[in-house]
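Convention: sequence-line order gives letters A, B, ...; per-chain numbering from 1.
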Protein chains: 2
Amino acid sequence: MATLCLPYQLSPEQTEKLDTIIQRHRPLQKRDVLIENGEPLKFLYAVRSGSLKSYSLDSHGSEQIIDFHLPGDLIGFDGLIDGQHRSFTQALETTMLCEIPMQSLDQLSAELPGLRKQLLRVMSGELHASKTLLGTLNHHTAQQRLANFIMTLSNRFQQRGLSSRSFRLSMTRADIGNYLGLSVETISRILTQLQQEGVLAVQNKLVEITDPERLRALAS
Amino acid sequence: MATLCLPYQLSPEQTEKLDTIIQRHRPLQKRDVLIENGEPLKFLYAVRSGSLKSYSLDSHGSEQIIDFHLPGDLIGFDGLIDGQHRSFTQALETTMLCEIPMQSLDQLSAELPGLRKQLLRVMSGELHASKTLLGTLNHHTAQQRLANFIMTLSNRFQQRGLSSRSFRLSMTRADIGNYLGLSVETISRILTQLQQEGVLAVQNKLVEITDPERLRALAS
DNA sequence: CAGTCAGCTTGACATACATCAACGATTCGT
DNA sequence: ACGAATCGTTGATGTATGTCAAGCTGACTG
């Protein structure tokens, strides 16, 4: 089960130890809330299938989407700072999770240097991704942002052994817009535009990348 | 020395152990480059005085500022993912640093659970700050972004026991603009505007917050 | 199976900010 | 201490993207 939930390079011995602390979580339905802001951090979660979004609420109570979580992702790192989750996390579709008790994880990471490094590596990777995204959003046009978003999804699916050419956008256009700092209308317009240019084939939630090379070029 | 470089709650015993591995680094002058992209990650650095900026170069070779580092900050976490620094880091003024060998830190963190937690906490905090900033930049006007930037600096200075009311902007207007995704001209215009409204008193690099309440209101 | 509603698309118009340009103010190096 | 370069300010103009409005489509529900 550990290999399903934490698909990283660990020795068989380490995997076995991990298995003893990882639990299966009940499946979530679309719109189910996994984590509420301010909740004590008792578990990290690993996505087995499905997807989720994390968001915070600003002073006016409107959603600010921080991240989308795909199969293989770990959820909850932002709460390590003070033992409280710092955002809401909600399922975008039917979703299966593993649940990893923080306390056991901490104990185990004392014994296993490999696990310790792995955890740091995952966090470091998230940090880097987040900072890169910042740069991307700051200095790019709407088209570049969206192209970049789709490339990033494609890459993440590929890393998990799923199709990088065609996939389902489980989030709404509004979610994408919110995440990229663009309006729904702009997302919609650019998707049709990319389709007209032969870069994508879009059919509702389904996206096929018909010209990966040009998409990559647009994303830079 | 450890207390200077890593001003976190650690026991005297832990502090003493840390002291044995922390080294003083030669002072940097303005524009000196501390870290080059792709360099192997041998040390983490802690800022004792002065300030630095981290940036990456996009495909056209132009700078994307990722972060500013103030006294008390730790530099280098984004490199843990694969043992390579993922950005350039350059001094904005004369700057004093401590240098912490990664290898010793790793060994030490196996012994000291408190240190391990502290490291995770720092990274988690950075992750949270970075994701919050993302939300801020995406959904706010130029004025709100700049107000937020100045509030954030103010808070960070306060945490380090420095004045939160007046401080020096060691980075150029262009740096601020780059970081916030705005043009130099916009930064300049909004600074004069905030001054006219009596929120700030700006004199070249020196900023005094004359109406913290209104600044906070603008930043939200 | 029909009605409803959330999600998506498309068009017309408004605006915040970028860009271009010129000039003033500091800082830096010799 | 001087000249040169970098940095900062201000004004005029352009444009990408937001906002408003209307209609369309697909999905869930009773």
Interatomic distance, [X] [atom1] vs [N] [atom2] [rounded to whole Å]:
X: L182(B); N: dT19(C); atom1: CG; atom2: P; result: 11 Å
X: L92(A); N: dA6(C); atom1: CG; atom2: C1'; result: 15 Å
X: R173(A); N: dT25(D); atom1: CZ; atom2: C1'; result: 12 Å
X: L180(A); N: dG18(D); atom1: CG; atom2: C1'; result: 15 Å
X: L206(A); N: dT25(D); atom1: CG; atom2: C1'; result: 16 Å
X: R145(B); N: dC17(C); atom1: CZ; atom2: C1'; result: 9 Å
X: E93(A); N: dA27(D); atom1: CD; atom2: C1'; result: 16 Å
X: I176(A); N: dT17(D); atom1: CD1; atom2: C1'; result: 17 Å

[atom2] on [Y] to [atom1] on [X], rounded to 0.5 Å:
X: K30(B); Y: L92(B); atom1: NZ; atom2: CG; answer: 8.5 Å
X: I65(B); Y: E63(B); atom1: CD1; atom2: CD; answer: 5.0 Å
X: L52(B); Y: M171(B); atom1: CG; atom2: CE; answer: 10.5 Å

**Message:** Could you report the tightest heavy-atom contact between I81(B) and S124(A), atom names first, then the distance?
**Reply:** N-OG, 2.8 Å

**Request:** Write down the atom of F77(A), the atom of M123(A), and the distance for their closest heavy-atom approach.
**Result:** CD2-CG, 3.4 Å

**Asked** Which part of the nucleic acid, if any, lies within contact of G177(B), taking any heavy atom under 4.0 Å across all strands shown: a base, the sugar-phosphate backbone alone, or nothing?
**Response** nothing

**Request:** For S183(A), report the nucleic acid contact type (base, sugar-phosphate, nothing); a contact means any heavy atom under 4.0 Å.
**Result:** base

**Complete:** Whether each nucleotide of nucleotides 22-30 of chain C has a protein heavy atom under 4.0 Å at its base (B), only at its sugar-phosphate (S) or at neither (-) is summarised, 5' to 3', as ----S-S--

**Message:** Looking only at the side chains, is there a donor atom on one of S54(A) and T89(A) sitting less than 3.5 Å from an acceptor on the other?
**Reply:**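 Checked: S54(A)/T89(A) side chains pair up, N/O donor to acceptor below 3.5 Å.
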
**Asked** Of all of residues 185-203 of chain B, which get a heavy atom below 4.0 angstrom from DNA chain D, listed by number?
**Response** E185(B), S188(B), R189(B), T192(B)

**Item:** L34(B) and Y45(B): CA distance, side-chain angles, deciding distance, side chain to side chain contact (heavy atoms under 4.5 Å, CB included) verdict
**Value:** CA-CA 9 Å; L34(B) 174 65; Y45(B) 299 96; 3.8 Å; yes

**Message:** Please evaluate residues L146(A) and L191(A) with respect to the criterion side chain to side chain contact (heavy atoms under 4.5 Å, CB included), reporting the C-alpha separation (whole Å), side-chain torsions for both, the decisive distance (0.1 Å), and the verdict.
**Reply:** CA-CA 8 Å; L146(A) 188 52; L191(A) 279 177; 4.0 Å; yes

**Prompt:** Of all the nucleotides listed (dG8(D), dC17(C), dT17(D)), which has the minimum atom distance to the side chain of T172(B)?
**Reply:** dG8(D)

**Item:** Terminal helix-axis angle for the helix from dC1(C)-dG30(D) to dT30(C)-dA1(D), with five pairs defining each axis and rounding to 10 degrees
**Value:**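 Terminal axis comparison yields 60°.
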
**R168(A), E93(A), H69(A) screened by side chain to side chain donor-acceptor pair (under 3.5 Å) with S51(A), the one that passes** = E93(A)

**Result of checking K53(A), R160(A), R48(A) against D73(A) for salt bridge (charged side-chain N to carboxylate O under 4.0 Å, His left out)** = R160(A)

**Asked** Taking it one step at a time, do H139(B) and D58(A) satisfy side chain to side chain contact (heavy atoms under 4.5 Å, CB included)?
**Response** CA-CA 10 Å; H139(B) 299 280; D58(A) 67 14; 5.9 Å; no

